[in-house]
Amino acid sequence: MSEHQELKGQLEQLTIKAKNAEAENKMLVDRWMLQKMQDAERLNEANALYEDMIERLKASGLEKLARQQVDGIVRRSEEGAEFFAESTIPSICKNRINAHEGGCASILFEYNSGKLISGGQDRSIKMWDTSTGSLSNSLFGCLGSVLDLAITHDNRFIIAASSSNNLFVWDVNSGRVRHTLTGHTDKVCAVDVSRVSSRHVVSAAYDRTIKVWDLQKGYCTNTIIFHSNCNALCFNTDGLTICSGHVDGNLRMWDIQTGKLLSEVAAHSLAITSISLSRNGNVVLTSGRDNLHNLFDIRSLEVCGTFRATGNRVASNWSRSCISPDDNYIASGSSDGSVYIWSISKGDIVCTLKEHTTPVLSCTWSGLGKPLASADKNGIVCTWT
């Protein structure tokens, strides 16, 4: 009997210990669950902070992009700031320069500068001080007529499209040809450099191809083949897409990485001769052999303005018109030797400049707001203020 009671007492003690252990275990499980919940909450807070940071970075990036595209005093670029002012309507021919023998088809200004670059039928590239009209530098090595020019955003390299089926790249500082870009099988009539990266270049030739080039390595990275020859092209501000103007009168947009045709519109009844992107990248100007100058919304490719004038006749398949740096005016040369200036907001002619005696092939506006420059079939270049 005493042994039974002893066993019963031990059982009760073990039962109490078991209950205590169970209670302790439950407490530990509850504490562990609470800790896990707190860890989960901290993880959720960290995720929320991360997502908020990403959103802020996106917002700051969009704000930066918006600031870059706003017409104001400074626009950020790879090598610093691009300064420009409100454009003035030119009225006086400041310089009349005998620039090239046999004609000048292409002119453009350096970034942040009044220095003008011209390319001619005499196979030379020349750089001019527009304040004095004096020659400051000459670049040689091109094997054919210069049909179009481009310059990198840091003003280090000049690229010429040539009738010799090649593109030539000069280092401005040394004056030497750094690359000869080969691959086209007919004359190269258009070239442009990305606004995002000075490394990427596009060109168009009369072999029905558009080529994408890596300027750092000096070779072609993609080729777009199309049935209608391209007369003019330009990069969009994203650096990933380009606009091209074709002999069939259509304006087309391409993805340069995939070569995919993104959109197109019948822009002119005859060949497109020129494409010029506005400073803010929202509109693109096309000119055509139908003697019309059209503005297209870059997102929808819908016409948002058409400009024409009695007497204004586009002189060639590569006649280049331009938009002023403040996006307020359009300038276009004519076969009668005149340069016509339109107000974009009013849609009317505000000025007609007369100095050339032969067809004007190219117009370009300095990013500083002035001067405007024009070049003609006799190789004469005029600067206007």
Side-chain angles (χ1 to χ4, degrees), residues 54 57-84 108-113 117 148-161 167 169-172 178-179 181 190-204 210-224 230 232-245 251-263 275-285 296-299 301 322-323 325-327 364-365 367:
I54 293 297
L57 284 171
K58 287 181 179 177
S60 66
L62 289 171
E63 183 181 2
K64 183 180 178 183
L65 182 62
R67 288 181 183 277
Q68 286 176 351
Q69 294 184 350
V70 168
D71 292 336
I73 303 302
V74 177
R75 178 186 175 187
R76 283 281 151 203
S77 68
E78 287 179 320
E79 298 297 325
E82 182 180 335
F83 298 91
F84 65 99
L108 82 163
F109 281 94
E110 281 190 342
Y111 289 97
N112 309 332
S113 168
I117 305 161
D148 200 16
L149 289 169
I151 188 169
T152 56
H153 217 162
D154 54 12
N155 293 328
R156 288 182 60 198
F157 301 103
I158 293 172
I159 304 106
L167 293 107
V169 183
W170 285 268
D171 183 313
V172 174
R178 178 176 178 179
H179 296 298
L181 304 178
V191 62
D192 196 27
V193 184
S194 168
R195 289 162 172 76
V196 175
S197 167
S198 295
R199 181 172 180 169
H200 298 113
V201 173
V202 289
S203 63
I210 295 170
K211 287 186 178 290
V212 184
W213 307 87
D214 185 320
L215 201 59
Q216 195 170 37
K217 297 179 179 178
Y219 62 69
C220 177
T221 59
N222 199 8
T223 299
I224 299 168
C230 173
L233 46 69
C234 71
F235 266 99
N236 292 327
T237 52
D238 59 12
L240 300 173
T241 58
I242 60 168
C243 291
S244 60
L251 171 65
R252 295 179 171 91
M253 191 179 296
W254 307 87
D255 183 314
I256 62 167
Q257 292 179 319
T258 64
K260 181 181 178 183
L261 177 63
L262 301 176
S263 55
I275 287 184
S276 179
L277 191 69
S278 65
R279 170 79 66 152
N280 60 24
N282 292 334
V283 295
V284 63
L285 170 69
F296 289 89
D297 186 300
I298 201 71
R299 291 154 294 191
L301 290 189
C322 67
I323 306 177
D326 62 1
D327 297 340
T364 186
W365 222 304

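All of these numbers come straight from a predicted model, not from anything done at the bench.
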Taking only residues two or more places apart in sequence, or in another chain, which ones meet [X] in a side chain to side chain contact (heavy atoms under 4.5 Å, CB included)?
X      : value
Asn236 : Asp238, Thr241, Cys243, Met253, Leu277, Ile298
Ala232 : Ile275, Arg320
Val169 : Phe157, Ile159, His179, Leu181, Leu215

Query raised in the report: For Asp255, which residues count as a salt bridge (charged side-chain N to carboxylate O under 4.0 Å, His left out) partner, sequence neighbours excluded?
Result: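 Partners of Asp255 under the salt bridge (charged side-chain N to carboxylate O under 4.0 Å, His left out) test: none.
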Requested in this report: Using salt bridge (charged side-chain N to carboxylate O under 4.0 Å, His left out) as the criterion, list what pairs up with Asp214, not counting sequence neighbours.
Outcome: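 Asp214 satisfies salt bridge (charged side-chain N to carboxylate O under 4.0 Å, His left out) with Arg199 once adjacent residues are dropped.
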What distance do [X] atom [atom1] and [Y] atom [atom2] have between them, rounded to the nearest 0.5 Å?
X      : Y      : atom1 : atom2 : answer
Asn222 : Ile210 : CG    : CD1   : 10.5 Å
Cys230 : Lys211 : SG    : NZ    : 13.5 Å
Ser244 : Ile224 : OG    : CD1   : 7.5 Å
Arg252 : Ile242 : CZ    : CD1   : 12.0 Å
Trp254 : Leu261 : CH2   : CG    : 4.5 Å
Ser263 : Phe296 : OG    : CZ    : 11.0 Å

Query raised in the report: Does Val202 offer a backbone N or O that forms a donor-acceptor pair with the side chain of Asp192 under 3.5 Å?
Result: no
Query raised in the report: Between Ser278 and Val283, is there a donor-acceptor pair closer than 3.5 Å when you use the side chain of the first and the backbone of the second?
Result: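 Checking the backbone N and O of Val283 against the side chain of Ser278, a donor-acceptor pair under 3.5 Å is found.
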For residues [X] and [Y], report the shortest heavy-atom separation together with the two atoms involved.
X      : Y      : result
Phe109 : Ile151 : O-CG2, 4.2 Å
Trp213 : Ser203 : NE1-OG, 2.8 Å
Ala190 : Ala161 : N-CB, 4.1 Å
Val193 : Phe235 : C-CD1, 3.4 Å
Asn282 : Asn280 : N-OD1, 2.8 Å

**Report entry** pair Glu110-Ile117: side-chain heavy atoms closer than 4.5 Å
**Finding:**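 Answer yes - side chains close enough.
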Report task. Taking the side chain as every heavy atom from C-beta outward, state whether Gln257 and Leu240 have any pair of such atoms under 4.5 Å apart. Result ->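 Side chain of Gln257 against side chain of Leu240, heavy atoms only: contact under 4.5 Å found.
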**Report entry** Among Gln216, His153, Arg156, side-chain contact (heavy atoms from CB on, under 4.5 Å) partner for Ser198
**Finding:** His153
Query raised in the report: Of all residues at least two apart in sequence or in a different chain, which pass the side-chain hydrogen bond (donor to acceptor under 3.5 Å, both in side chains) check with Thr364?
Result: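 With neighbours one apart ignored, the set is empty.
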